[in-house]
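This report concerns only the one structure given below.
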Amino acid sequence: MNAYAPILVLGALGAAFAIFSVVMASLIGPKRYNRAKLEAYECGIEPTPQPAGGGRFPIKYYLTAMLFIVFDIEIVFLYPWAVSFDALGLFGLVEMLLFVLTVFVAYAYVWRRGGLEWD
């Protein structure tokens with residue numbers, strides 16, 4: 001238990017600082033509300049009305065999200081592989097080549113569907 005005491009103290013200090021910051025900001029922060037600040041969006045663009053069931057998102061939205069997830073997962077697997085590359089040998093190299101080939105297939109699909117074109 002003594003080994004975990006500094007971690008628990010640091011976690012408690014971090015949580016206390018976060019709670020203190022939020023409470024103090026709401027107590028002493030500025031409270032000058034105007035009509036523009038109370039709008040749904042503060043970016044200056046008037047929101048367009050949406051149908052009752054919600055609008056349809058373009059396919060590029062989903063393709064971009066899929067591409068982000070694919071490359072995020074790739075990095076999660078590539079870093080530990082690179083760290084232990086010597087210990088894995090030829091087997092690790094072949095497995096990583098198969099994994100990168102699978103990622104490349106997803107990338108080619110997104111590229112073919114026009115997910116990388118921003119017009």
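Because the structure is a prediction, the values reported are computed rather than measured. Just the heavy atoms: all of them, side chains too, but no hydrogens, waters or symmetry mates, feed the values below. We count residues from 1, following the sequence as given.
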Same cluster for Phe68 and Leu78 if Ile/Leu/Val/Met/Phe/Trp/Tyr side chains link at under 4.5 Å?
yes

If I take atom CG from residue Asp72 and atom CG from residue Leu67, how far apart are they, to the nearest 0.5 angstrom?
11.0 Å

Hey, could you give me the CD1/CE distance between Ile19 and Met24, rounded to the nearest 0.5 Å?
14.0 Å

Residues that Val22 engages under side chain to side chain contact (heavy atoms under 4.5 Å, CB included), provided they are two or more places apart
none

Val105 reachable from Val100 in the ILVMFWY side-chain graph, under 4.5 Å edges
no

Do the side chains of Val76 and Val83 join up, straight or via other hydrophobic residues, at under 4.5 Å, putting them in one cluster?
no

To the nearest 0.5 Å, what is the distance between CZ (Phe99) and CD1 (Ile73)?
7.5 Å

Flag yes if Leu93 and Tyr79 sit in one hydrophobic cluster, no otherwise; membership is Ile, Leu, Val, Met, Phe, Trp, Tyr, and two members link when side-chain heavy atoms are under 4.5 Å apart.
no

Give a yes or no on whether Phe71 atom CZ has more than 12 heavy-atom contacts from other residues, nucleotides or ligands under 6.0 Å away.
yes

Which distance, rounded to the nearest 0.5 Å, do you find between the OH of Tyr109 and the CZ of Phe104?
15.5 Å

Ile69 side, atom CD1; Thr64 side, atom OG1 - distance, nearest 0.5 Å
11.0 Å

Any link between Leu101 and Trp111 through a network of hydrophobic side chains (Ile, Leu, Val, Met, Phe, Trp, Tyr) touching at under 4.5 Å?
no

Between the main-chain N or O of Met96 and the side-chain N or O of Trp81, is there a donor-acceptor pair closer than 3.5 Å?
no

